[in-house]
Undergrad: 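Sharing a structure here in structure tokens format.
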Amino acid sequence: GTSNAVTHLLDRMQYRSMLRVARRERGIRIYETLPAPAENPSPAHRAKTLLATLLRTYAPLSPQGLRLLARMLKGGLPEHDASIAAEVKRLLREAPQIQADGIAWLWPEGENPKDHIDQEPKGVRLLAPFDPIVWDRQRLEQLHGWAYRFEAYTPAAKRQLGHYAMPLLIGSQILGWANLHAANEVLHAEIGFTQSMAKHRHLQRDVMEELERFAGFMRLTRGRCVVTRHRNSAW
């Protein structure tokens, strides 16, 4: 009758860096203890370090996006609520910013946003639905011009993209999605685009190369690729 209480206790000890998950046995977490840190940083130092890590991971962030991450951080560290709020205010004042479409996008301290303007990525990448690039759904819609939705919990009849649609990064733009499934150790893909892809040279080759990488990661053999046509998309 105390298993639920034990679970909550272990979770809190993990939050406080007293334990870590060493491994799992039949799906059950096996914890191990962590040594006490040599120093006990102040709440202000903890808040600064944690928010700097989040900003470095999820940048560029709008002020709204930063506040959302801070609220989630407070849920795990309620005792640092005041320190987190103070650090958010400081970042909004002092973090590097670049204005675009009336929004002040925040960047990590010590990094110049303009250094990335000419760094155009190449190729195609499949992204997890909660990848840092697509995690902020509002930012994705602002920057890429369409609304991505994770529909795994949406009734099948109401889905527009698919059960587990993975955003498709083409160069520096998210212009489509892919639903993958494995059958008889063969990878199958259904791909949709948000606009015509006729102007994107080497698109088919780049998509196939990404599917090969994914299939290799899953230890599968890439199978056929079914292209879903959406809004007059062209392969």
Undergrad: Rounded to the nearest 0.5 Å, how far does CD of Q142 lie from CG of D136?
TA: 7.5 Å
Undergrad: List, one per line, each side-chain donor-acceptor pair under 3.5 Å for residues 67-74, sequence neighbours excluded.
TA:
{"unit_1": "K74", "atom_1": "NZ", "unit_2": "D81", "atom_2": "OD1", "d": "3.4"}

Undergrad: Could you measure the distance from the CD1 atom of I170 to the OG1 atom of T194? Nearest 0.5 Å is fine.
TA: 7.5 Å
Undergrad: Closer than 4.0 angstrom, basic N to acidic O: yes or no for R23 and E25?
TA: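 Yes.
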Undergrad: Sequence neighbours left out, what pairs pass ring pair (Phe, Tyr, Trp, His ring centres under 6.0 Å) with at least one residue falling in residues 82-103?
TA: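 Found none.
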Undergrad: Let me confirm one number: the CG-NE2 distance from L161 to H163, rounded to the nearest 0.5 Å.
TA: 13.0 Å
Undergrad: Charged N to carboxylate O under 4.0 angstrom, R29 versus D11?
TA: yes
Undergrad: Could you point out which residue of N179, L180, L127 forms a side chain to side chain contact (heavy atoms under 4.5 Å, CB included) with M166?
TA: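 Exactly one option meets the side chain to side chain contact (heavy atoms under 4.5 Å, CB included) with M166, and it is L180.
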Undergrad: Kindly give the heavy-atom pair with the smallest separation between E151 and G162, and that separation in Å.
TA: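 Smallest heavy-atom distance, with atoms named: OE1-N, 3.1 Å.
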Undergrad: Nearest 0.5 Å please: distance from the CE atom of M197 over to the CD1 atom of I191.
TA: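 Output value for this atom pair is 11.5 Å.
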Undergrad: Classify the ring geometry of F150 against Y164: parallel below 30°, tilted from 30° to 60°, perpendicular beyond 60°.
TA: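 The arrangement is perpendicular - the two ring planes meet at more than 60°.
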Undergrad: Start with the C-alpha distance between E109 and R90, add both sets of side-chain angles, then the distance that settles salt bridge (charged side-chain N to carboxylate O under 4.0 Å, His left out), and finish with yes or no.
TA: CA-CA 12 Å; E109 295 180 280; R90 189 193 71 80; 2.9 Å; yes
Undergrad: At what distance, to the nearest 0.5 angstrom, does CG of L169 lie from CD1 of I133?
TA: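 One finds 5.5 Å between CG of L169 and CD1 of I133.
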Undergrad: Measuring centre to centre across the rings, with the benzene-like ring taken for any Trp, is Y58 within less than 6.0 Å of W135?
TA: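 Yes; W135 has its ring centre under 6.0 Å from that of Y58.
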